[in-house]
Protein chains: 2
Amino acid sequence: MAATMSDVARRAGVSVKTVSNVINGHPYIRASTRRRVEEAIRELDYRVNISARNLRSGRSGTIALAIPELTQPYFAELAQAVIDVAATVDLTVFVETTGGDVDRELAIVSGRREVFTDGLIFSPQGIGPDDASAITPTVPTVLLGERIFHSSLDHVTMANEAAANEAVTHLLATGRRRVVLLGAAPDDPVVGAGPLRLRGARAAYAEAGVDLDPRLVVAPREWSRDAGEATVRALLEQGMPFDAVFGMNDALALGALRALVSSGRRVPEDVAVAGFDNTLDARFSTPSLTSVDPGRREIAGLAVDLLHRRLSGQREDEEHEEVVASFRLEVRESTAA
Amino acid sequence: MAATMSDVARRAGVSVKTVSNVINGHPYIRASTRRRVEEAIRELDYRVNISARNLRSGRSGTIALAIPELTQPYFAELAQAVIDVAATVDLTVFVETTGGDVDRELAIVSGRREVFTDGLIFSPQGIGPDDASAITPTVPTVLLGERIFHSSLDHVTMANEAAANEAVTHLLATGRRRVVLLGAAPDDPVVGAGPLRLRGARAAYAEAGVDLDPRLVVAPREWSRDAGEATVRALLEQGMPFDAVFGMNDALALGALRALVSSGRRVPEDVAVAGFDNTLDARFSTPSLTSVDPGRREIAGLAVDLLHRRLSGQREDEEHEEVVASFRLEVRESTAA
DNA sequence: CTGAAAGCGCTTACAG
DNA sequence: CTGAAAGCGCTTACAG
């Protein structure tokens with residue numbers, strides 16, 4: 001049987017309250033008392049029962065991060081960033097993966113969850129604007145990304161449009177004239193990262209005074225390397241001329257890179273390639289991949305800060321913020337002039 | 001104020017016990033009773049208090065997975081695999097990252113943790129055999145990997161030696177004679193993946209009757225792409241002749257690939273490269289990377305199964321197993337003959 | 001099939 | 001600075 005706080009109290013000859021004070025770093029405890037308690041803890045190999053603490057205090061010191069899946073480097077890196085930032089304000093992160101499944105996402109965002117957390121950072125993928133009304137969070141929640149907007153939740157976004165604009169402007173500035181826009185379908189009705197990045201990319205064409213061949217706007221079935229590779233391979237096979245590819249995430253861009261190289265194209269000499277996310281994969285691919293850095297660290301920092309300030313009572317319940325992280329285009333080998 | 005179980009009971013006109021039975025899927029409840037309870041739950045928007053449940057039952061339905069960091073694809077993919085497998089037996093996974101830090105690892109493995117879980121799957125990186133005595137788990141624990149052995153814990157390992165042997169045998173069989181062994185130092189005293197893979201690689205040389213130039217055994221400062229790239233670049237700069245590289249993980253191999261390509265070497269024509277881990281990065285690099293698949297899915301399955309069987313009382317406390325996952329060499333472009 | 005009571009192990013006011 | 005008591009919201013035997 002594990003020792004309880006009252007076992008410790010009895011052994012140290014103090015009350016349970018005093019043991020609790022010592023454990024929770026309460027100040028103003030006589031040094032001798034503290035020493036006696038700590039000794040009793042050691043002797044009994046006592047450990048706090050987290051469930052009891054959580055039940056009584058109504059808090060857990062834990063926040064959840066819900067993302068589609070850890071096998072996508074963007075999300076793995078985001079998760080690590082959130083974990084690291086949260087640790088600086090003594091919050092533990094529970095990473096939950098949804099697989100982008102609508103039901104799982106709805107369950108998470110409406111409080112039907114298996115783990116008790118004080119807050120939630122949620123990056124939706126399956127649910128869309130139509131599901132906004134089904135969002136009935138039971139804990140303070142910060143939304144990530146552009147899929148959903150909800151007037152009574154905090155929100156951290158990235159500058160999708162401006163960032164995509166800069167990437168395509170860069171490609172056009174290096175002399176490319178037929179830049180494939182790989183990601184969103186031209187008629188995608190959803191307000192999300194894809195359509196926003198597409199809009200920014202289109203604007204770059206317009207601003208450079210270059211006509212965009214509509215056949216260069218292509219949407220793979222998903223934003224994965226496999227799909228990126230297949231889509232670009234298909235373009236090559238049908239003899240479509242192009243001299244650059246803007247992948248709307250790094251996975252697509254890396255898939256494109258692979259299709260190009262395996263078909264004998266040289267990158268960047270024959271075709272330039274740029275991506276979006278600036279994952280570690282972009283930095284280490286061959287050639288290294290030019291990519292938009294969406295400020296992952298900053299996104300993590302902003303999201304945790306919004307939650308932490310609310311949890312610690314520094315923000316009012318009715319107050320809701322929307323913040324935008326700043327981006328930067330990382331130019332690398334894949335788009336050399 | 002959130003509704004409690006007794007609010008629901010009052011509204012449904014039943015006892016708290018009956019509400020509990022309905023929520024926990026207890027059989028033998030009159031259909032009409034169940035319906036009334038479910039309606040009351042809906043009306044009151046009642047949600048179970050997880051802390052209270054955990055405290056009373058002494059269980060959480062949650063297991064922890066402690067890994068060094070999510071930014072390493074091997075671990076991100078392992079984490080996703082563990083999450084997926086655990087879900088099939090109704091266990092939720094709490095991913096904890098240690099950064100390979102000795103103190104954090106010791107804290108986790110001796111029960112000083114912030115979250116209440118029923119079990120632990122632990123992949124140590126910082127602590128070594130000398131710390132084995134400091135391992136005093138408070139919950140059933142499964143160790144992963146070769147860094148530590150502990151007679152009273154379950155253990156899942158991979159066939160490091162045989163797998164490395166097969167990879168190097170493959171390189172030698174395609175005619176390469178000077179295979180760089182990139183990873184472990186020849187005099188590394190630690191019993192871990194590195195020394196074991198080195199031993200298997202050496203044996204491959206011996207079995208093929210090829211002499212191993214000791215200068216081809218090189219240890220980067222860490223098993224990262226950066227370090228792999230720097231180490232191979234240094235070899236190239238000092239004019240060391242070699243016609244293949246066996247990276248003891250994919251990160252090292254991909255770093256080597258990059259150093260080779262950026263210095264004008266062709267892969268696999270001039271230098272062949274093989275890795276270990278078979279991460280998604282290996283499949284998608286250019287050229288695609290031959291790599292040992294250590295059976296990540298199987299490792300996740302075995303670890304969760306060991307834990308689940310113990311938690312569900314199907315295994316005795318004194319019983320401890322050590323299981324080895326099976327591997328397979330995935331041959332790809334980077335080692336074409 | 002359902003109820004009444006006890007109790008899991010903490011923290012939180014309330015005192016002094 | 002420390003104590004005694006209450007109570008967080010469930011599940012678990014024990015009855016019937």
Side-chain angles (χ1 to χ4, degrees), chain A residues 1-38 40-41 44-62 111-118 138-139 313, chain B residues 1-38 40-41 44-62 111-118 138-139 313:
Chain A
M1 212 41 231
T4 71
M5 209 172 244
S6 62
D7 294 334
V8 175
R10 202 171 313 121
R11 180 161 201 125
V14 298
S15 78
V16 174
K17 172 67 159 59
T18 302
V19 177
S20 176
N21 285 344
V22 169
I23 286 172
N24 294 303
H26 193 89
Y28 312 126
I29 297 176
R30 209 177 299 154
S32 62
T33 307
R34 182 192 303 281
R35 216 172 313 115
R36 247 183 318 146
V37 170
E38 283 168 347
I41 288 174
L44 296 172
D45 196 24
Y46 168 75
R47 276 129 183 154
V48 177
N49 180 314
I50 306 286
S51 296
R53 165 183 290 174
N54 290 354
L55 171 60
R56 188 57 182 90
S57 68
R59 275 175 287 107
S60 67
T62 299
R112 300 194 303 279
R113 308 180 53 250
E114 294 308 311
V115 176
F116 172 46
T117 66
D118 299 341
T138 51
V139 292
Chain B
M1 212 41 231
T4 70
M5 208 172 244
S6 61
D7 296 332
V8 175
R10 203 172 312 121
R11 180 161 203 124
V14 298
S15 79
V16 174
K17 173 65 157 63
T18 302
V19 177
S20 176
N21 284 345
V22 169
I23 287 173
N24 294 302
H26 194 88
Y28 312 126
I29 297 176
R30 211 177 297 154
S32 62
T33 307
R34 181 191 305 279
R35 216 171 314 114
R36 248 184 316 146
V37 170
E38 283 167 348
I41 289 175
L44 296 172
D45 195 25
Y46 168 74
R47 277 132 182 150
V48 177
N49 180 313
I50 306 286
S51 296
R53 166 185 287 175
N54 290 353
L55 172 58
R56 188 56 180 92
S57 68
R59 275 174 286 109
S60 67
T62 299
R112 300 194 303 278
R113 306 180 54 250
E114 294 309 311
V115 177
F116 173 46
T117 65
D118 299 340
T138 51
V139 292

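For the numbers below, each heavy atom of this structure counts, side chains included, while hydrogens, waters and symmetry mates do not. Residue numbering restarts at 1 for every chain, and letters A, B, ... go by the order of the sequence lines.
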For this session: Whenever both distances are under 3.5 Å in a Watson-Crick or G-U wobble pair, mark it; put DNA chain D into dot-bracket that way, with [ ] for crossing pairs and | when the partner is on another strand.
Result: |||.||||||||.|||

Exercise. Between A/Ser15 and D/dG3, is there a side-chain N or O to OP1/OP2 distance below 4.0 Å?
Worked result: yes

Exercise. Between C/dC1 and B/Thr33, is there an OP1 or OP2 to side-chain N/O distance shorter than 4.0 Å?
Worked result: no

Exercise. NA contact type, B/Tyr46, heavy-atom cut-off 4.0 Å: base, sugar-phosphate, or nothing?
Worked result: sugar-phosphate

Nearest whole Å is fine: how far is [N] [atom2] from [X] [atom1]?
| X | N | atom1 | atom2 | result |
| --- | --- | --- | --- | --- |
| B/Ile50 | C/dC8 | CD1 | C1' | 16 Å |
| A/Leu55 | C/dC8 | CG | P | 13 Å |
| A/Arg30 | D/dG3 | CZ | C1' | 13 Å |
| B/Asp7 | D/dC8 | CG | C1' | 13 Å |
| A/Arg10 | C/dC10 | CZ | P | 12 Å |

Would you check if [X] and [Y] make a side-chain contact, meaning some heavy-atom pair closer than 4.5 Å?
| X | Y | value |
| --- | --- | --- |
| B/Arg53 | B/Asn24 | yes |
| B/Thr4 | B/Asn49 | no |
| A/Ile23 | A/Ile41 | yes |
| A/Glu38 | A/Val22 | yes |

For this session: Using the test side-chain contact (heavy atoms from CB on, under 4.5 Å), find all partners of B/Asp118 that sit at least two apart in sequence or belong to another chain.
Result: B/Arg59, B/Ser60, B/Phe116, B/Leu311

What are the two closest heavy atoms between [X] and [Y], and how far apart are they?
| X | Y | result |
| --- | --- | --- |
| B/Ala2 | B/Asp7 | O-OD2, 4.3 Å |
| A/Ile50 | B/Arg113 | CD1-O, 3.6 Å |
| B/Val8 | B/Val37 | CG1-O, 4.1 Å |

For this session: Starting at the 5' end of nucleotides 11-16 of chain C, put B wherever the base has a protein heavy atom under 4.0 Å, S where only the sugar-phosphate does, and a dash everywhere else.
Result: BBB---

For this session: Tell me which nucleotide among D/dG3, C/dG3, D/dG9 gets nearest to the side chain of B/Thr18.
Result: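 Of D/dG3, C/dG3, D/dG9, C/dG3 is nearest to the side chain of B/Thr18.
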
Problem set entry | D/dA13 versus C/dC1 - spacing of their P atoms, nearest Å |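 Between the two P atoms, the distance is 22 Å.
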
Seminar exercise, completed: Result for side chain to side chain contact (heavy atoms under 4.5 Å, CB included) between A/Asn21 and one of A/Val14, A/Val16, A/Ile29 points to A/Ile29

